[in-house]
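First comes the structure, then the notes that go with it.
Each chain gets a letter, A, B and so on, in the order the sequences are listed, and its residues count up from 1. Because the structure is a prediction, the values reported are computed rather than measured.
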Amino acid sequence: MQLSGWSKERKGWLPQTLIRKPIIVTNPWEQFRNQVIEALHVSSGRDLSQYLEIPADPQHGDLACTAAFHLTQELKKSPVEIAKEFAVFDPVKFPLIQQVVAQGPYVNFYVNIIPYRRLVVDAIQKTGDSYGTSDIFVDKHVVVEYPAVNPNNPLHIGHARNAVLGDTVARLMKTMGADVTRMDYINDLGLQIAVAYWGLKHLEPPKYKGKYDQIIGRLYVEAQEKHDESQVRKYLKLMEQGDNKVAKEVRTMSERVLRAQQKTHALLNVSHDLLVWESNIAHSGLFAEALEKMLGAPGTSKPKTGEKAGCIIVDLGIYEEFQQLTDTDKVLVRSDGVATYTGKDIAFHFWKFGVIKDPFLYKPFKSRVKRDQTLWTTSHTGDPGRYRPAHIIFNVIGMPQGLAQRTVYLTLETLGYTEAAANYYHLAYEFVTLPDAKFSGRKGTWIGFSTDEVIKEATQRARKEVKKRNPEADSTFIREVSEAIGSAAVRYSLLKIAVEKQIVFKWDEILSFDGNAAPYLMYTYARASSILRKESAPKKARISELVNPYETELFKLLGRYPAILREIVQDMRREKWGTRIELFHLAEYIYELCVAFNTFYNHCPVLTADTQEMKGARLLLVNLCRQVLNNGLHLLGLTPLERI
RNA sequence: GGGCCCGUGGCCAAGCUGGAUAAGGCACCGGCCCUCUAAGCCGGUAAUCGAGGGUUCAAAUCCCUCCGGGCCCGCCA
């Protein structure tokens, strides 16, 4: 498929993301790993990279090769013999390898810490805030869509999981060199919006005072029971027609709710670049144009007779999972000419990928939330031509939508848009539930568990601790620090669990402040900062002083950071239920780095080190740790603080 | 009826493209503030990896059957 409309010359509407510094890729761990692969190639005559693993026990080296097991038949030798043969290398050619030991059937490689340490120091010092970046998505426009919450509710904690995942993926893609658009889709034309609007018009305002999304959310719950069916239907019709008082008021209501939701986003460090509204899509002519493409594409048909006479359908019978269904035909457009959900989604993705031209007008979306760059919105007024087609898209949508999402990209494939289909990722995640109920906007089960309320509780808990530790501090400091810690605790606890795992909401788990939790990570960063505040780190130092196991462990971990990020992206794979992306590996890594730093901190005095040389070297090491923690925390969307 | 996800110590949870004694965290028990922030560090108790079969030199990991929890299979949205 040709991605029409895309060219490097055409500057997009997000100037900041397009101005890219040249990316310097440094990856110490990969360099070591490559030498191991090469060395094995020399000794065995084959590529054994698939048999490499990091041993659980550091006694077994830094990288181990299990290939000997698999080659016994072919080589007609015992694994022990094979391992022995493979365990040779040329130290001159492979300076990063210190030694290779055959331990039984395993071939264990030990990193040569002296040059490796040097490599790590140089890499981090040279790249600084960019340490960890990669170039694998350079010149790619990546669109990440999240969390698409209906504008008639505040975010409950399950929505927060979506938002946090999407925002983190967007950050990661930027780190991989991509030009990223963080998109939010707002369905302001749904039945639930009409019901909420009915509530706004016909019900007393709730007693609750505060954020508008909370108010409308409560009104909606009440309206759900009390609303007049025919009146709501009338509103819905007017909304769909557009250009009338009701449609205007609904849009205004939705925008107000969205502004309130964005305050919650801001607490979680979640941000966006572009809002796309259903009410703009509906009046853009997007669907009419998409329809022509669908009709002209292979795979679609419009049966004249039978059950689906008059519909536009696509036959997905070639895909195994659809063969099980009673009917392999998927309706894209109903016999009355109205698109189905799938049909609309196809049209929307035609736009995202640039199959059809951009029909929207854009203007900045004004709100009080502080932003790193302008937030744009589709609108009935404004300027055209601001969207650039995506090369890769991620839709963060719950796992229950897995089949529907698969239907969308398999349909794209069937219609001949194979490249678009291949670059369409449904980033699926399991829902957050209550111990005995689901979150439901309609039933109002979210009340008491909205993200605002959870963060508020977290902030209050953090506040007690911050006050205790900083009795002298002023109220601004206490407020800012407790807010940062409270929100970070919530964000991190959503991020550290694998996406395919359902989370049952429990206060003590989501607000955990000890051990593997955001406050611990932030505390570690503050500790490192505290040392460097008392004495700054030298650019050069005698790092050969740093020979104890705590220091060595830190160098090894610091060198792995860029590889961790790359692996997360490269290991991303599409499953039937959605795309698996293991963001929590980053959380896990940062946690490990913190553990290693705290261990070092407790065993190795820095400011009171025995010698000046030792002090300088340790200060330098602390500075490297602080840098990598800074980069990693930012990537996780946690704000590193100098003092907590 | 077909399909998807989950099931690992009291609780949460990593490992699941098979490989060396089954990570972590919470809770619990014991120790460490004269020393850079004790949200920390050191040590300890605790697991028939849902059950049963099978494949393999080797199974938490692969295959089959079953059990428990969650979810999906419309010209609806």
Please find out if less than 6.0 Å separates the ring center of A:F439 from that of A:F505.
no
Wobble G-U and Watson-Crick pairs count when both distances are under 3.5 Å; given that, what is the 5' to 3' dot-bracket string of RNA chain B, with | for pairing to other strands?
(((((((..(((......[....))).(((((.......))))).....(((((..]....))))))))))))....
Need to verify one output field. Residue with the more 5' nearest nucleotide on RNA chain B, A:V481 or A:F584?
A:F584
For B:G30 and B:C67, measure between their P atoms and round to the nearest Å.
46 Å
Can you find an N or O donor on one side and an acceptor on the other, under 3.5 Å apart, linking the side chain of A:N516 with the base of B:A14?
no
Specify the separation, in whole Å, of atom OH of A:Y523 and atom P of B:C36.
11 Å
Pick the P atom in B:A46 and in B:G52, then give their distance to the nearest Å.
23 Å
Dump the pairs, protein N or O against N or O of nucleotides 75-77 of chain B, anything under 3.5 Å, distances to one decimal.
from: B:C75; atom 1: OP2; to: A:K308; atom 2: NZ; distance (Å): 3.2
from: B:C75; atom 1: O2; to: A:S335; atom 2: N; distance (Å): 3.2
from: B:C75; atom 1: O2; to: A:S335; atom 2: OG; distance (Å): 3.2
from: B:C75; atom 1: N3; to: A:S335; atom 2: OG; distance (Å): 3.1
from: B:C75; atom 1: N4; to: A:E307; atom 2: O; distance (Å): 2.5
from: B:C76; atom 1: OP1; to: A:R334; atom 2: NE; distance (Å): 3.4
from: B:A77; atom 1: OP1; to: A:R334; atom 2: NH2; distance (Å): 3.4

When you measure from the side chain of A:H283 to the backbone N and O of A:Q241, does any donor-acceptor pair fall under 3.5 Å?
yes
Contacts of A:S529 meeting side chain to side chain donor-acceptor pair (under 3.5 Å) (sequence neighbours excluded), chain-then-number -> A:R626, A:E642
Touch check for A:N108, heavy atoms < 4.0 angstrom, all strands: base, sugar-phosphate only, or nothing?
base
Polar pairs (N or O, both sides) under 3.5 Å between protein and nucleotides 54-59 of chain B?
none

Using the P atom in both, what is the distance from B:C11 to B:C49, to the nearest Å?
15 Å
Rounded distance [0.5 Å steps], CD1 in A:I397 versus CG in A:L165
12.5 Å
Return yes when atom CZ of A:R643 has more than 12 non-hydrogen atoms of other residues, nucleotides or ligands closer than 6.0 Å, and no otherwise.
no
Using the rule given for side chain to side chain contact (heavy atoms under 4.5 Å, CB included), can you reason through A:I581 versus A:Y425, listing the C-alpha separation, both sets of side-chain angles and the distance that settles it, and then say yes or no?
CA-CA 10 Å; A:I581 180 163; A:Y425 295 103; over 6 Å; no
Pair A:R618, A:E535 - check salt bridge (Lys or Arg N to Asp or Glu O under 4.0 Å), show working.
CA-CA 11 Å; A:R618 283 186 176 158; A:E535 197 154 340; over 6 Å; no
Please state the P separation for the pair B:G69 and B:C28 - nearest whole angstrom.
31 Å
How many angstroms lie between OG1 in A:T168 and CG in A:L636, if you round to the nearest 0.5 Å?
6.5 Å
Over all strands shown, is A:R533 touching base, sugar-phosphate only, or nothing at heavy-atom distances under 4.0 angstrom?
nothing
Taking the six-membered ring for Trp, are A:Y51 and A:F69 ring centroids under 6.0 Å apart?
no
Pick the P atom in B:C76 and in B:C71, then give their distance to the nearest Å.
23 Å
Measure the distance from OH on A:Y591 to C1' on B:G24 and round it to the nearest whole Å.
6 Å
Using a strict cut-off of less than 4.0 Å between a Lys/Arg side-chain nitrogen and an Asp/Glu carboxylate oxygen, indicate whether A:K308 and A:D329 qualify as a salt bridge.
no
Phosphate OP1/OP2 of B:G18 contacted by A:T66 side-chain N/O (<4.0 Å)
no
With a 4.0 Å cut-off on heavy atoms, is A:P519 in touch with a base, just the backbone sugar-phosphate, or nothing at all?
base
Quick check against the 3.5 Å criterion: does A:T72 have a side-chain atom that pairs as donor or acceptor with the backbone of A:K77?
no
Main chain of A:E430, side chain of A:R161: is a donor-acceptor contact present, judged purely on distance under 3.5 Å?
yes
Using whole Å, report how far CZ of A:R406 lies from C1' of B:C4.
11 Å
Which part of the nucleic acid, if any, lies within reach of A:I644 when heavy atoms closer than 4.0 Å are counted: base, sugar-phosphate only, or nothing?
base
Distance, rounded to the nearest Å, where A:E588 contributes CD and B:G24 contributes P
12 Å
Do A:R560 and A:E592 meet the salt-bridge criterion of a basic N to acidic O distance under 4.0 Å?
no
Kindly say whether A:I564 contributes a backbone atom to a donor-acceptor pair with the side chain of A:H585 at under 3.5 angstrom?
no
Taking the side chain of A:R527 as heavy atoms from C-beta outward, which of B:G24, B:A38, B:G70 is closest to it?
B:A38
Separation of the C1' atoms in B:G40 and B:U35, to the nearest angstrom:
15 Å
Heavy atoms under 4.0 Å, any strand shown: does A:I485 hit a base, just sugar-phosphate, or nothing?
base
A:W577 side chain: which of B:G40, B:C72, B:C4 is closest?
B:C4
Contact nearer the 5' end of RNA chain B, comparing A:R573 with A:G61:
A:R573
Taking A:S301 for its side chain and A:P303 for its backbone only, find out whether a donor-acceptor pair lies under 3.5 Å.
no
Separation of B:U37 atom P from A:L641 atom CG, nearest Å, is 16 Å
Measure the distance from CD1 on A:I497 to C1' on B:C11 and round it to the nearest whole Å.
12 Å
Tell me, which of residues 601-612 of chain A have any heavy atom that sits under 4.0 Å from an atom in RNA chain B?
A:Y601, A:N602, A:H603, A:C604, A:P605, A:V606, A:L607
Taking the C1' atom of each, how far is B:U45 from B:G9, in whole Å?
11 Å
Say we look at B:C12 and B:G50: how far apart would their P atoms be, to the nearest angstrom?
13 Å
Here the gap from A:L332 atom CG to A:T300 atom OG1, rounded to the nearest 0.5 Å, amounts to 7.5 Å
Going by the side-chain hydrogen bond (donor to acceptor under 3.5 Å, both in side chains) test, name the single residue among A:N150, A:N187, A:N152 that passes it with A:Q192.
A:N150
Interatomic distance, A:I54 CD1 vs B:A14 P [rounded to whole Å]:
19 Å
Report which part of the nucleic acid A:V80 touches: base, sugar-phosphate, or nothing (heavy-atom distance under 4.0 Å, all strands).
nothing
Base, sugar-phosphate, or nothing: which does A:E642 touch, judged by heavy atoms less than 4.0 Å apart?
base
If you take any heavy atom closer than 4.0 Å to RNA chain B, which residues from residues 498-513 of chain A end up in contact?
A:A498, A:E500, A:K501, A:Q502, A:E509, A:F513
Rounded to the nearest angstrom, tell me the gap between atom CE in A:M399 and atom C1' in B:G69.
15 Å
So does A:K468 pair up with A:E465, basic N to acidic O under 4.0 Å?
yes
Check the chi torsion on B:C33 and let me know: syn if it falls within 90° of 0, anti if not.
syn
Is A:K496 near enough to B:G24 that one of its side-chain N or O atoms lies under 4.0 angstrom from OP1 or OP2?
no
Donor-acceptor pair, distance only, cut-off 3.5 Å: does the side chain of A:S487 make one with the backbone of A:A484?
no
